[in-house]
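Step one of this worksheet: look at the structure below.
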Amino acid sequence: MLGGTFDPVHLGHLRSAVELREALALDRVHLIPAKAPPLRGEPSVSPAERLALLQLGIGDTPGLVADGRELGREGPSYSADTLAALREELGSEARLVMALGHDAFLRLAEWHAPRRLFELAHLVVVDRPDYQAALPAALRELIAGRESEDVESLMARPAGGLLRLRLPSRMAISATELRRRLAGGLSVRYLLPEAVEARITAHDLYRQE
Ligand code: ATP
């Protein structure tokens, strides 16, 4: 699972998902847009539009799935609930991974039911350029004793571990910068898939901050 706001999806998300799948030999990576992300402001475009952009961005990429399951749920989008649903579907023996960028990881201790996340899945933290801050004390406490050295030892169990991973193509692309560029009429070419850019242009999205 790679959850996020995807406001809009960009090549940092998509390339990370492809490389994560390869690095961990995953069957699938579900990219799951949050309907109402609890720890940030209202996204700029509707959940359905963010999902449509994500579907376009993924296109026919093998192993990547645009998963709209959080959009049908009432209330805030808690990852613990989404992981519980995936665990239910996959069974107790399947290895389930929640991936997140280092920026999101830094706030993990503030999430809803953070310990529950580890009961349901492994956490894999993807290194991201420009996010090198030290870990807060509450986070260090949360992850104590969970860290794996390599993929093999992590994936020997179905859940409960933590792995920090540096993927081959680290990309300094963020949705914040894309929205800033779109609002300012600047080019976003090669930062997101062409089909996503075409729909953003056709629907006049992200024109105002
Ligand atoms: P924003 O700038 O609006 O905060 P974002 O670009 O960080 O957005 P999100 O939708 O918040 O995108 O990210 C979803 C997940 O993908 C998060 O775990 C985030 O850390 C990760 N992610 C986003 N961009 C990258 C990137 N360039 N490389 C690696 N991981 C990324």
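Both counts, for ligands and for their atoms, begin at 1 and track the order of listing. Along the sequence shown, the residues carry numbers beginning at 1. We use all heavy atoms of the structure for the numbers below, so side chains are in, but hydrogens, waters and symmetry mates are not.
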Just so I know, are the side chains of Leu2 and Leu100 near enough to count as touching, which here means a heavy-atom distance under 4.5 Å? no
Under 4.0 Å, heavy atoms only, figure out whether ligand 1 is touched by the backbone of Glu177, its side chain, both or neither. neither
Identify, by atom number and element, the atoms of ligand 1 in contact range of Leu100, meaning under 4.0 Å from any of its heavy atoms. 18 (O)
Nearest non-hydrogen protein atom, atom 25 (C) of ligand 1: Arg128 NE, 3.3 Å
Looking at Arg146 and Gly160, would you say the former's side chain and the latter's main chain have a donor-acceptor pair under 3.5 Å? yes
Does atom CG (Asp150) have a neighbourhood of more than 12 heavy atoms from anything else shown, all under 6.0 Å? yes
Identify the protein heavy atom lying closest to atom 14 (C) of ligand 1, giving its residue, its atom name and the separation to 0.1 Å. Gly3 O, 3.3 Å
With atoms numbered from 1 as shown, which atoms in ligand 1 lie under 4.0 angstrom from a non-hydrogen atom of Arg179? 3 (O)
If you measure every N/O of Met171 against every N/O of ligand 1, is any gap under 3.5 Å? yes
For residues 183-193, tabulate all N or O donor-acceptor pairs below 3.5 Å that involve a side-chain atom, not counting sequence neighbours.
unit_1	atom_1	unit_2	atom_2	d
Ser187	OG	Arg189	N	3.1
Arg189	NE	Glu197	OE1	2.9

Mutual orientation of the aromatic rings belonging to Phe105 and His102 [parallel < 30°, tilted 30-60°, perpendicular > 60°]: tilted
Identify, for atom 29 (C) of ligand 1, the protein heavy atom at the shortest distance, and state residue, atom and that distance. Ser16 OG, 3.3 Å
Backbone or side-chain N or O of Gly4 under 3.5 Å from ligand 1 N or O: no
Keeping to residues at least two apart or across chains, list the salt bridge (Lys or Arg N to Asp or Glu O under 4.0 Å) pairs with something in residues 87-104. Arg69-Glu89, Asp103-Arg128
Protein residue, atom and distance nearest to atom 20 (O) of ligand 1, heavy-atom basis: Asp103 OD1, 2.6 Å
Taking the basic N atoms (NZ, or NE/NH1/NH2) and the acidic carboxylate oxygens, is any pair closer than 4.0 Å for Arg181 and Glu177? yes
Name the option, out of Thr176, Val9, Leu106, that contains the heavy atom nearest to atom 1 (P) of ligand 1. Thr176
Which residue supplies the protein heavy atom nearest to atom 16 (O) of ligand 1, what is that atom called, and how far is it? His13 CD2, 3.5 Å
Any N or O of Phe6 closer than 3.5 Å to N or O of ligand 1: yes
Under 4.0 Å from one or more heavy atoms of Ser174, ligand 1 contributes atoms 2 (O), 6 (O)
What protein heavy atom is closest to atom 17 (C) of ligand 1, reported as residue, atom name and distance in Å? Gly101 N, 3.9 Å
Starting from atom 4 (O) of ligand 1, what is the nearest protein heavy atom, named by residue and atom, and what distance separates them? Arg40 NH1, 3.1 Å
With a 4.0 Å heavy-atom cut-off (strictly under), which part of His10 contacts ligand 1: side chain, backbone, both or neither? side chain
Enumerated ligand 1 atoms positioned under 4.0 Å from heavy atoms of Ala104: 18 (O)
Taking the inter-plane angle between the rings of His13 and Phe6 on a 0 to 90° scale, is it parallel (under 30°), tilted (30 to 60°) or perpendicular (over 60°)? perpendicular
Approximate separation, where rounding is to 0.5 Å, of Arg179 CZ and Ser174 OG: 7.5 Å
Please confirm whether the backbone N or O of Val65 pairs with a side-chain atom of Arg28, one donor and one acceptor, at under 3.5 Å? no
Top protein contact for atom 8 (O) of ligand 1, by heavy-atom distance: Ala175 CB, 3.4 Å
Distance (rounded to the nearest 0.5 Å) between Asp127 CG and Arg164 CZ: 9.5 Å
